[in-house]
Structure formats: C-alpha cells, structure tokens
Number of protein chains: 2
Amino acid sequence: MNIDAPCCTPLLDAVLPEGDAEVLATSFKALADPARLRLLSLIAASEGGACACDLVTPVGRSQPTVSHHLKVLREAGLVESERRGPWIWYRIVPERLDALRAVLTASAEVAVPA
Amino acid sequence: MNIDAPCCTPLLDAVLPEGDAEVLATSFKALADPARLRLLSLIAASEGGACACDLVTPVGRSQPTVSHHLKVLREAGLVESERRGPWIWYRIVPERLDALRAVLTASAEVAVPA
DNA sequence: CAGATATATCGATGCCTGTCAATATCGAAA
DNA sequence: TTTCGATATTGACAGGCATCGATATATCTG
C-alpha cells in the first residue's frame, strides 16, 4: 500500500465474505454479554461441568434469564448440556473457543508488518 | 463436583466479577457485527494500514455507516487511525486482539479436565 | 396419581444498535 | 477565500435483545 499513490489502491477484497462474517458475528455475539461471560467463567471453573442450579445465584439474574443465556451459549456451540436426573449439567466446548481464538490470531498476525 | 451430593455444591464464585464481565463484553460486542469483522479483515489484509476510502465499497455499507463502525472499532481499541493528508488510515492493534484471545484461552484451558 | 423441585417457554417491556439520508467539518488546492 | 473531496456527526427509524413475572414442562419421590 503506497501513500504516494493517488489514494485507494484496491485491497484484497476476497477477505471474509459477508456470509462468513455473519456466522462469526453470531459466535462473538454469544460472548458479548456480561451474564454469558460470567456463566462461561463459572462453568469453566468447575471441573466436570456445572449444574445449572449452581449458576443462577452467582450470576445475579433471574432463573428464566439464566436459562435463556444458557440456551444462547448452547446454540452457539460454546457449551454442551447433559441431563443428570432432575438437573442439567453444562460443560465448556473448548474446540469452539479455540476456533474463535484462531480467527483473532489470523487477523492479528496478518497485520504484523515485516 | 460430586453428582451424589444433594446438588448444588458451591462453585468458585470469585470468577469474572460483574465489572470485568461488562468490560470484556464491550470488547466482544465490537467483534459481534459482520460489517466490523469485514472491516477488521480488510484492514488486517493490507500491510501498513488501510485508507478509509478503500473500505466503504468492499464492505457494502454507506459511508456514514462505515464511519460509525470504524469509530466503534477505534473506541474498542481494536484499530488506530492516523491522518495522512485528506485521508485517514486505519491499522490493527494486535495487542488488543491478543488480550481477547488470552481470555478465551483461559476459559478453555481451565475447563480441560485432568 | 399428587406434590416438590428443576428447567424451559411465553409475553411484555424498555433499552440498545445498525442503518441511511442529510448535513457538517476538515484538509488540500486553486 | 472558495471549491472540492474525504470523513464525521446528526436525526430518525426499525429490528434486536436482555430482562423479568407468570406459566408450562419434566423429573423424581411418595
């Protein structure tokens, strides 16, 4: 990119087509809420998964709200749930977080000049 | 965490207090939009930064909308801008992306059982 | 089946945000 | 200073989303 050029030499524009961007945005949207970040943190901190009943109080939201956020996290593939008797246990899906991390890595590294 | 217990053994709850979660959520919110992801991608793909004039057309939004998104990215610390004559050049701030990546790493690794 | 507990869904509400057209501001050049 | 091109701001609108109370569903236990 040359500043002496009359501006506006075209960029590579085969970068992140709209469709891919929307998929990715949906994933990051799942992380873009304090309650969901705290839920992830709580679940991640407890080895072997966390019972949903243990999440309502520490996250400081109503039970329906927590249930809603857990659903968002599940549909985003960030957590998985499993029924154990009357309770439902949630655990982190590390691969999903790895994938998002990879996206950020790519963006950052390409930007690092020689 | 014992499933035989009467449910609800307390988790570590000193994890991601609400204040920290809100700060982090704001950062991820900046990534949670297709237009902004494409802007980041375009900027990252062009070494030395990208002229704002090169971003409007490929991102497929109006000039005011692109300006708005660039402001969001700048205020989130994900990009920096510099005036060069009549144009403004944007570049990625890798450290910021690294920081967000670190957060995802921490959450994932803690969840990996022994 | 009846009661108790855990989780999910529904409906409503208020706030936040992405988008654009119109307009303002800023810098360069004549 | 006037004009032009680049970028930012404003105002308005529509859609999305976080939140809760009320309620439904599901599971276990008598």
Side-chain angles (χ1 to χ4, degrees), chain A residues 3-9 18 21-22 24-40 42-43 49-76 79-91, chain B residues 3-9 18 21-22 24-40 42-43 49-76 79-91:
Chain A
I3 187 185
D4 298 326
C7 171
C8 304
T9 33
E18 184 72 17
E22 283 178 11
L24 261 181
T26 301
S27 297
F28 282 118
K29 218 166 287 188
L31 294 175
D33 180 89
R36 287 196 289 271
L37 287 176
R38 298 188 73 193
L39 284 173
L40 278 180
L42 287 165
I43 296 171
C51 172
C53 60
D54 276 327
L55 300 173
V56 172
T57 299
V59 90
R61 264 78 168 182
S62 72
Q63 180 271 322
T65 298
V66 170
S67 182
H68 162 68
H69 285 309
L70 288 172
K71 183 181 186 179
V72 172
L73 289 174
R74 193 173 353 103
E75 290 177 342
V79 302
E80 287 175 344
S81 61
E82 173 198 0
R83 174 144 234 145
R84 294 194 198 177
W87 307 298
I88 298 187
W89 291 71
Y90 287 87
R91 63 176 177 284
Chain B
I3 187 184
D4 297 324
C7 170
C8 303
T9 34
E18 184 72 17
E22 284 179 9
L24 262 181
T26 301
S27 296
F28 282 119
K29 220 167 285 189
L31 294 175
D33 179 88
R36 287 197 287 271
L37 286 175
R38 299 188 72 196
L39 284 173
L40 278 180
L42 287 165
I43 297 171
C51 172
C53 59
D54 277 326
L55 300 174
V56 173
T57 298
V59 92
R61 264 79 167 182
S62 72
Q63 179 270 322
T65 297
V66 170
S67 182
H68 162 68
H69 285 307
L70 288 173
K71 183 179 184 179
V72 172
L73 289 174
R74 194 173 352 104
E75 290 177 342
V79 302
E80 287 175 344
S81 61
E82 174 197 358
R83 175 144 233 145
R84 294 195 198 175
W87 307 298
I88 298 186
W89 291 71
Y90 286 87
R91 64 176 176 285

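We name chains A, B, ... by the order of the sequence lines, and we start the count at 1 in each one.
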Rounding to a whole Å, what distance do you find between [X]:[atom1] and [N]:[atom2]?
{"X": "A:Trp89", "N": "C:dA8", "atom1": "CH2", "atom2": "P", "value": "14 Å"}
{"X": "B:Glu82", "N": "D:dT7", "atom1": "CD", "atom2": "P", "value": "13 Å"}
{"X": "B:Leu55", "N": "D:dA8", "atom1": "CG", "atom2": "C1'", "value": "15 Å"}
{"X": "B:Asp33", "N": "D:dC17", "atom1": "CG", "atom2": "C1'", "value": "14 Å"}
{"X": "A:Trp87", "N": "C:dT5", "atom1": "CH2", "atom2": "P", "value": "12 Å"}
{"X": "B:Arg83", "N": "D:dG5", "atom1": "CZ", "atom2": "P", "value": "16 Å"}
{"X": "A:Asp54", "N": "C:dT7", "atom1": "CG", "atom2": "C1'", "value": "14 Å"}
{"X": "B:Glu75", "N": "D:dA8", "atom1": "CD", "atom2": "C1'", "value": "12 Å"}

What's the closest nucleotide to the side chain of [X] if the choices are [options]?
{"X": "B:Pro86", "options": "C:dA6, D:dA6, D:dT7", "result": "D:dA6"}
{"X": "B:Tyr90", "options": "D:dC20, D:dA8, C:dA8", "result": "D:dA8"}
{"X": "A:Ser67", "options": "D:dC17, C:dT9, D:dT7", "result": "C:dT9"}

Shortest non-hydrogen contact from B:Pro34 to B:Arg61? CB-NH2, 4.4 Å
Donor-acceptor pair under 3.5 Å: do we get one between A:Gln63's side chain and the base of C:dA6?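 No, no donor-acceptor pair under 3.5 Å.
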Under 4.0 Å between a side-chain N/O of [X] and OP1 or OP2 of [N], yes or no?
{"X": "A:Arg36", "N": "D:dA18", "result": "yes"}
{"X": "B:Lys71", "N": "D:dT9", "result": "yes"}
{"X": "A:His68", "N": "D:dA18", "result": "yes"}
{"X": "B:Thr65", "N": "C:dT19", "result": "no"}
{"X": "A:Arg74", "N": "C:dA8", "result": "yes"}
{"X": "B:Arg84", "N": "C:dG27", "result": "no"}

So NE2 of B:His68 and OG of B:Ser62: to nearest 0.5 Å the spacing works out to 10.5 Å
Rounded distance (nearest 0.5 Å) linking atom OG1 of A:Thr26 with atom CG of A:Leu31: 11.5 Å
Residue closer to the 5' end of DNA chain D, A:Gly85 versus B:Pro64 (nearest nucleotide): B:Pro64
Of A:His69 and B:Leu70, the one whose closest DNA chain D nucleotide lies more 5':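 Looking at DNA chain D, the more 5' nearest nucleotide goes with B:Leu70.
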Looking at B:Glu22 and B:Lys29, is any side-chain nitrogen of the basic one under 4.0 Å from a carboxylate oxygen of the acidic one? no
Between B:Tyr90 and B:Leu39, is a side-chain contact (heavy atoms from CB on, under 4.5 Å) present by the stated rule, with each step listed? CA-CA 10 Å; B:Tyr90 286 87; B:Leu39 284 173; over 6 Å; no
